[in-house]
Amino acid sequence: MIRLLMDTSNQYLMVSLYEDDICLETIQELGSKKQSENAIPYLEHLLKKYQKELLDIDEMIITRGPGSYTGVRVAMTIAKTLSVVSSVKLKVISSLAAYAGMKKCVSVIDARSKKIFVCAYEKGKALMNEQLISIDDFDTFMEDYSGFEVVGQTQVVGYENKNVDLAYHMYELSKNEKYIDNVDGLVPCYLKDVEAKKICL
């Protein structure tokens with residue numbers, strides 16, 4: 001089985017190609033502003049290098065957000081387009097969970113405007129609903145999760161930045177995910193939209 005994994009939702013552009021359970025190669029780089037222009041060229045590079053065709057892809061695993069409004073849509077648009085021309089099956093992973101993997105941790109993503117997306121995880125399972133909170137409230141939030149590692153965009157909350165293998169995390173998490181039945185109906189997760197609606201109401 002040929003699997004394509006892609007994350008364009010936040011600070012990284014990640015494109016990875018798996019054959020069965022083996023990672024052939026992963027391209028992961030910082031630089032969210034170039035995700036839309038580099039995602040397809042990087043995909044084409046991997047396919048050519050490993051002598052695969054676009055229609056050879058059996059499964060695609062992408063992140064659904066929360067994250068950048070534009071970034072989340074890049075991988076999702078590619079997945080939807082591929083599903084139109086092929087029989088590819090699609091799985092989606094939370095962007096917060098992609099940072100967490102199977103760790104006992106609190107995952108953090110910069111939401112701008114002095115806010116963060118946050119969620120606690122253990123063994124690949126969310127221990128709470130994904131939330132949008134103020135950076136100033138993070139220390140208070142962590143009082144309930146003493147002993148949990150902090151992962152993701154840790155620098156925004158004053159923690160040391162750590163390398164992360166997004167492709168490996170997403171691949172492991174995908175084993176417990178079901179395929180998306182209605183790809184056309186798939187929409188990104190924007191926690192900011194939910195917050196905005198609360199404010200308006």
Side-chain angles (χ1 to χ4, degrees), residues 1-103 107 109-110 124 151-153 161-190:
M1 176 178 280
I2 306 300
R3 293 182 175 89
L4 169 64
L5 292 80
M6 187 174 290
D7 174 38
T8 60
S9 60
N10 290 286
Q11 63 179 335
Y12 290 107
L13 166 57
M14 187 283 290
V15 184
S16 183
L17 200 62
Y18 271 67
E19 185 164 11
D20 296 325
D21 292 323
I22 305 299
C23 177
L24 299 179
E25 187 174 337
T26 297
I27 300 172
Q28 180 175 308
E29 67 177 20
L30 284 167
S32 58
K33 293 183 179 179
K34 292 188 176 182
Q35 291 168 342
S36 58
E37 60 188 83
N38 287 340
I40 291 178
Y42 287 177
L43 169 58
E44 292 175 339
H45 167 75
L46 290 182
L47 291 174
K48 183 177 180 180
K49 182 175 180 178
Y50 293 97
Q51 300 179 330
K52 308 296 182 185
E53 299 291 337
L54 194 62
L55 296 182
D56 292 334
I57 298 172
D58 301 297
E59 180 180 293
M60 190 168 177
I61 304 164
I62 64 170
T63 46
R64 60 166 174 77
S68 157
Y69 180 82
T70 301
V72 173
R73 302 176 78 88
V74 173
M76 195 165 286
T77 299
I78 292 171
K80 286 187 172 186
T81 302
L82 183 58
S83 72
V84 172
V85 299
S86 76
S87 58
V88 66
K89 296 179 179 179
L90 180 63
K91 292 183 177 183
V92 296
I93 305 292
S94 160
S95 301
L96 285 162
Y99 280 114
M102 304 301 290
K103 295 179 179 180
S107 182
I109 291 175
D110 187 0
V151 301
Q153 292 180 271
N161 196 24
K162 300 175 183 178
N163 293 328
V164 58
D165 188 338
L166 287 169
Y168 176 74
H169 284 182
M170 290 171 62
Y171 175 66
E172 289 298 312
L173 291 169
S174 74
K175 295 176 181 179
N176 296 318
E177 293 293 332
K178 295 180 179 179
Y179 291 116
I180 299 298
D181 291 327
N182 180 15
V183 177
D184 289 338
L186 183 63
V187 294
C189 171
Y190 298 124

Nearest 0.5 Å, please: how far is [atom2] in [Y] from [atom1] in [X]?
{"X": "Asp181", "Y": "Leu90", "atom1": "CG", "atom2": "CG", "value": "11.0 Å"}
{"X": "Leu54", "Y": "Ile78", "atom1": "CG", "atom2": "CD1", "value": "9.5 Å"}
{"X": "Asn161", "Y": "Leu30", "atom1": "CG", "atom2": "CG", "value": "7.5 Å"}
{"X": "Leu24", "Y": "Leu4", "atom1": "CG", "atom2": "CG", "value": "11.0 Å"}
{"X": "Glu172", "Y": "Ser174", "atom1": "CD", "atom2": "OG", "value": "7.5 Å"}
{"X": "Glu53", "Y": "Ile2", "atom1": "CD", "atom2": "CD1", "value": "11.5 Å"}

Quick check: closest heavy atoms across [X] and [Y], and the distance to 0.1 Å?
{"X": "Ala75", "Y": "Met60", "value": "O-CE, 4.0 Å"}
{"X": "Leu96", "Y": "Pro66", "value": "CD1-CG, 3.9 Å"}
{"X": "Ala39", "Y": "Val15", "value": "O-CG2, 4.2 Å"}
{"X": "Ile62", "Y": "Ala79", "value": "CD1-CB, 4.1 Å"}
{"X": "Leu173", "Y": "Ala97", "value": "CD1-O, 3.2 Å"}

Using a cut-off of 6.0 Å, state whether more than 12 heavy atoms not belonging to [X] lie near its atom [atom1].
{"X": "Glu37", "atom1": "CD", "value": "yes"}
{"X": "Asn182", "atom1": "CG", "value": "yes"}
{"X": "Lys48", "atom1": "NZ", "value": "no"}

Flag side-chain contact, heavy atom, 4.5 Å: [X] against [Y]:
{"X": "Ser16", "Y": "Cys23", "value": "yes"}
{"X": "Met14", "Y": "Thr26", "value": "yes"}
{"X": "Asp21", "Y": "Arg3", "value": "yes"}
{"X": "Val72", "Y": "Cys189", "value": "no"}
{"X": "Tyr18", "Y": "Ile61", "value": "no"}
{"X": "Val151", "Y": "Lys162", "value": "no"}
{"X": "Val164", "Y": "Gln28", "value": "yes"}

Tyr99-Gln153 side chain donor-acceptor pair, cut-off 3.5 Å
no

Worked check of side-chain hydrogen bond (donor to acceptor under 3.5 Å, both in side chains) between Tyr179 and Glu59:
CA-CA 9 Å; Tyr179 291 116; Glu59 180 180 293; 2.5 Å; yes

Ignoring hydrogens and angles, tell me if any N or O in the side chain of [X] forms a donor-acceptor pair with the backbone of [Y] under 3.5 Å.
{"X": "Asp7", "Y": "Ser9", "answer": "yes"}
{"X": "Arg64", "Y": "Ser95", "answer": "no"}
{"X": "Lys80", "Y": "Leu186", "answer": "yes"}
{"X": "Glu25", "Y": "Leu17", "answer": "no"}
{"X": "Gln11", "Y": "Ile109", "answer": "no"}

Show me, pair by pair, the donor-acceptor contacts under 3.5 angstrom made by side chains of residues 40-47, not counting sequence neighbours?
{"residue": "Tyr42", "atom": "OH", "partner": "Glu29", "partner atom": "OE1", "Å": "3.1"}
{"residue": "Tyr42", "atom": "OH", "partner": "Glu29", "partner atom": "OE2", "Å": "3.0"}

